[in-house]
Peer 1: 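Before we start, here is the structure in question, set down as structure tokens.
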Number of protein chains: 2
Amino acid sequence: MTITIKDVAKKANVAPSTVSRVISNSPRISERTKRKVRKVMDELNYHPNLNARSLANRSTKSIGLVLPPALDTSFHNPFFAEVIRGVTAYSNQKEYSLYFITGNNEKEVEQTVIKTVRGRRVDGIILLYSKENDTIIDYLNENKFPFVLVGKPYHSIEDITYIDNDNYAASREVTDYLIDHGHQKIAFIGGDRNLLVTKNRLRGFQDTMLLNGFTVSDEEIIFTSFTRDGGRNAVSQLLELEELPSAIVVTDDVLALGIISVLQEHTISVPSDISIVSFNNAIFAELANPPLTSVDINIYQLGYEASKNIISKIEEPDEIEKSIIVPHKLIVRGTSVKKENLELVSS
Amino acid sequence: MTITIKDVAKKANVAPSTVSRVISNSPRISERTKRKVRKVMDELNYHPNLNARSLANRSTKSIGLVLPPALDTSFHNPFFAEVIRGVTAYSNQKEYSLYFITGNNEKEVEQTVIKTVRGRRVDGIILLYSKENDTIIDYLNENKFPFVLVGKPYHSIEDITYIDNDNYAASREVTDYLIDHGHQKIAFIGGDRNLLVTKNRLRGFQDTMLLNGFTVSDEEIIFTSFTRDGGRNAVSQLLELEELPSAIVVTDDVLALGIISVLQEHTISVPSDISIVSFNNAIFAELANPPLTSVDINIYQLGYEASKNIISKIEEPDEIEKSIIVPHKLIVRGTSVKKENLELVSS
DNA sequence: GTGAAAGCGCTAACAG
DNA sequence: CTGTTAGCGCTTTCAC
């Protein structure tokens, strides 16, 4: 039923090995026989069995894409769709396939990674998330299995190839921007406090505030989840402050969406009462109401570079791979304005 | 270097075939030897080579997930993340892996599908989108390769297993809801007019309007893209009408987001000037500003059922598979209200 | 430039 | 219940 390399060989009057060489376009085969064999392959509508190939080959031409546990709220972040677009663009071009690795919880994800790696289903791995004490990273490192991380590692920074933005710098820029626009009392709302992104963006914010002589109290730093309830809690914590901030730095657009909506419920309007600047410039940022002022972190490129990196790591294992910092850019839209009643600042 | 089934066999003093049977947990092996072999597998940290397995087996325990071309704007629709969550939930439980199939354009997607199918990398396929004259569906059908479609097929409905909502009924409900709330002049804004979802939702809308004695002119039916410009065009077309509608049925939450935002720019406020009801109840629907009144189509379940269907199709090919209609539910939130100035209707 | 033959790591009759 | 043996479909030395 299934037509194999032998069928092609027979019909083309060559040996199976010759057909194999034609498939991999070996230079040791004459153009003439290549043409002949290819013609037969077409006639027979032959397609190589990739499992057999991988087995003989020890190469799968696929890479594993590790996503956060599907039950995590973060799974829905448009961030992932966009990284995947970037990854796909390059890997498709290089004819690599993508294996989708996730699970309902962290344990499951790890099990799947191990099964996939040891089962030789993939040649390399792209980690689309990392958290503190990530056993997956440890596993891959110990087994010297090729992988790259989108984001920044918590430890062994020197040993891990990662693709990331300079989140600290981006956050400094954002804060500077707000300060330049007359804001002095600024709050910070972040997602999961254990994520390095959150930490770095917070640090950039705090440092910049301090450098400009503004203080930030603990109550003005809030961590919350990506739900409406999360937004609600964050806002009510904000409302308890004796003086409302005139601006908020929010670490993610989805978060910002929730915050804005809840603020509006309290008839606090954005940006006239409070300015908001968020991060990621998600696809809906410009569709939001008002459109979000957000830091474009080039998610697509993050994915593209990750793909490029892992593939070159697979194909040239000896080359030393450098981690990559992808540039960012603040996109000013409708959620941020100058604070007019502070003329002294514009001096 | 790599440790194989033979190593395990030798160390456990059994034949390789016995080890193989232990791996697949064959009932023909005694508990005692199973324990013995498993112990050795642990000691040696053995993991089966899945390619070898698939080759000998003619089964991969993986299924291919076909996404729309990555360059399509629809790729970003949160819809996909949520279906995938549903698919993952079931397939993980059944220990199936997911192969990610997409490309930069339709041609590429099709090529990848063929390569993956003929390369025997997957046992079945879940199509996450379909369009008119879809050659992928034809290919799979002709080759009798197991697949299910999330959505509704354009032709050969009888021959294709699909998982879908009753979009026509849902749309009728939505329109009825608006009419019940006093709206008489209602517009319709849809995404890609070639998609069957769009068509069915439009049909439900039109039929309901007609049945209630309201007319819908062509200018009140608009098709647009998922971008801010799309929203802008749609709104400006709306503004050209001599009389503004008091409500709009929008086929997708993302679209609704854009429309609302552009309306606001024109100081037309939602819902006080115009009510909006959209579809899908995307994850951000409740985070939006105002929160979206939207039809919950149970995206997660759509994915879950698709996964269940394809896996049972793979494992019991003779069973006849029935297509599944997943129920929907209108979730009323902040974008829709009663039109007060029409007392006559409430009689 | 091409062929013959061994083998990748596993499973599946068939025997016993 | 377990072992022997012959592949699964491809690649890769090693010859010639």
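A note on names: the letters A, B, ... follow the listed sequences, proteins ahead of strands, and every chain is numbered from 1.
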Peer 1: Tell me whether A:Lys115 contacts the main-chain N or O of B:His47 through its side chain, where contact means a donor paired with an acceptor under 3.5 Å.
Peer 2: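 Checked: no pair found.
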Peer 1: Figure out the NE2/P separation between A:His47 and D:dC10, and round it to whole Å.
Peer 2: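 These atoms are roughly 12 Å apart.
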Peer 1: Please tabulate, for side-chain N and O atoms in residues 138-153 of chain B, each donor-acceptor pair with protein atoms closer than 3.5 Å (sequence neighbours left out).
Peer 2:
| residue | atom | partner | partner atom | Å |
| --- | --- | --- | --- | --- |
| B:Asn143 | ND2 | B:Tyr139 | O | 2.8 |
| B:Lys152 | NZ | B:Asp164 | OD2 | 3.2 |

Peer 1: Contacts to DNA chain D from residues 116-125 of chain B, heavy-atom cutoff under 4.0 Å, which residues?
Peer 2: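 Here the set is empty: none.
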Peer 1: Figure out the CG/C1' separation between B:Leu50 and D:dC8, and round it to whole Å.
Peer 2: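 From B:Leu50 CG to D:dC8 C1': 15 Å.
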Peer 1: Side chains of B:Asn49 and A:Arg58: is there a donor and an acceptor less than 3.5 Å apart?
Peer 2: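 Absent: no donor and acceptor within the cut-off.
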Peer 1: With the criterion being N/O to N/O and under 3.5 Å, what pairs connect the protein with nucleotides 13-16 of chain D, and how long is each?
Peer 2:
| residue | atom | partner | partner atom | Å |
| --- | --- | --- | --- | --- |
| D:dT13 | O4 | A:Arg21 | NH2 | 3.1 |

Peer 1: Test your reading of the model: is there a side-chain donor-acceptor pair from B:Ser91 to the backbone of B:Ser97, 3.5 Å cut-off?
Peer 2: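 Pair absent, no side-chain N/O of B:Ser91 close to backbone of B:Ser97.
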Peer 1: Below 4.0 Å from chain A heavy atoms, what is the first contacting nucleotide of DNA chain C and what is the last?
Peer 2: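 Going 5' to 3' along DNA chain C, contacts run C:dG1 to C:dG9.
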Peer 1: Quiz question: by atom type and distance under 3.5 Å, do the side chains of A:Thr161 and A:Glu321 form a donor-acceptor pair?
Peer 2: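 Note: A:Thr161 and A:Glu321 side chains miss the donor-acceptor criterion.
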Peer 1: Using side-chain contact (heavy atoms from CB on, under 4.5 Å) as the criterion, point out the one residue from A:Lys36, A:Lys39, A:Met41, A:Glu43 that pairs with A:Lys11.
Peer 2: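 So, applying the side-chain contact (heavy atoms from CB on, under 4.5 Å) to A:Lys11 and each of A:Lys36, A:Lys39, A:Met41, A:Glu43, only A:Glu43 qualifies.
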Peer 1: What nucleic acid atoms does A:Val14 come within less than 4.0 Å of, heavy atoms only: base, sugar-phosphate, or nothing?
Peer 2: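 Result for A:Val14 = sugar-phosphate.
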Peer 1: Say you draw a straight line from CG of B:Leu55 to CG of A:Leu55; how long is it, rounded to the nearest 0.5 Å?
Peer 2: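 So the gap between those two atoms works out to 6.0 Å.
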Peer 1: Begin from the C-alpha positions of A:Ser20 and A:Ile5 and carry the test side-chain contact (heavy atoms from CB on, under 4.5 Å) through to its verdict.
Peer 2: CA-CA 7 Å; A:Ser20 171; A:Ile5 215 173; 3.9 Å; yes
Peer 1: With side-chain contact (heavy atoms from CB on, under 4.5 Å) as the test, would you mind laying out the steps for A:Thr60 and B:Arg121 before giving the verdict?
Peer 2: CA-CA 10 Å; A:Thr60 63; B:Arg121 274 247 160 101; 4.1 Å; yes
Peer 1: Go nucleotide by nucleotide along DNA chain D from the 5' end; which of B:Leu55 and B:Pro16 gets its closest nucleotide reached first?
Peer 2: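 Upstream on the strand: B:Pro16.
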Peer 1: For the pair made of CD1 in B:Ile23 and P in D:dT2, what is the distance, rounded to whole Å?
Peer 2: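 Computing the B:Ile23:CD1 to D:dT2:P distance gives 15 Å.
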Peer 1: Distance check needed: D:dC10 P versus A:Ile5 CD1, whole Å only.
Peer 2: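 Rounded to the whole Å, the gap is 5 Å.
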Peer 1: For DNA chain D, determine which residues of residues 29-39 of chain B have any heavy atom closer than 4.0 angstrom to one of its atoms, and list them numerically.
Peer 2: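 DNA chain D contact set from residues 29-39 of chain B: B:Ile29, B:Ser30, B:Thr33.
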Peer 1: Return the value, rounded to whole Å, for the distance between atom CG of B:Asn57 and atom C1' of D:dG9.
Peer 2: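 After rounding, the gap between these two atoms is 14 Å.
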Peer 1: Testing B:Ile136, B:Val122, B:Leu127 for side-chain contact (heavy atoms from CB on, under 4.5 Å) with B:Val113, which one passes?
Peer 2: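 The passing option is B:Ile136.
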Peer 1: B:Tyr304 vs B:Tyr90 aromatic rings, parallel, tilted or perpendicular, using cut-offs 30° and 60°?
Peer 2: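 Answer is perpendicular, since the angle exceeds 60°.
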Peer 1: Is it the case that the ring center of A:Tyr99 lies less than 6.0 angstrom away from the ring center of B:Tyr99?
Peer 2: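 Yes, the ring of B:Tyr99 comes within the 6.0 Å limit of the ring of A:Tyr99, centre to centre.
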Peer 1: Starting from the first five and the last five pairs of the helix from C:dG1-D:dC16 to C:dG16-D:dC1, work out the angle between the resulting helix axes, to 10 degrees.
Peer 2: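 Both end axes considered, the difference amounts to 30°.
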Peer 1: Which pair of heavy atoms, one from A:Pro68 and one from A:Phe75, lies closest together, and at what distance?
Peer 2: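 Looking at all heavy atoms of both residues, the shortest contact is O-CD1, 3.5 Å.
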Peer 1: Just by modelled atom types, is the A:Gly303 backbone N or O under 3.5 Å from a matching donor or acceptor in the A:Ser307 side chain?
Peer 2: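 Here the side-chain-to-backbone pair does not exist.
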Peer 1: How close or far is atom C1' of D:dC10 from atom NZ of A:Lys6, stated in whole angstroms?
Peer 2: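 Distance, rounded to whole Å: 10 Å.
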Peer 1: Within this structure, what is the CD1-OG distance for the pair B:Ile314 and B:Ser62, rounded to the nearest 0.5 Å?
Peer 2: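 So the CD1 of B:Ile314 and the OG of B:Ser62 are separated by 9.0 Å.
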Peer 1: Would you say B:Asn165's side chain and B:Val326's backbone share a donor-acceptor pair under 3.5 angstrom?
Peer 2: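 Such a contact is found between B:Asn165 side chain and B:Val326 backbone.
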Peer 1: Tell me what B:Asp7 touches on the nucleic acid: a base, only sugar-phosphate, or nothing, going by heavy atoms under 4.0 Å.
Peer 2: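 No contact.
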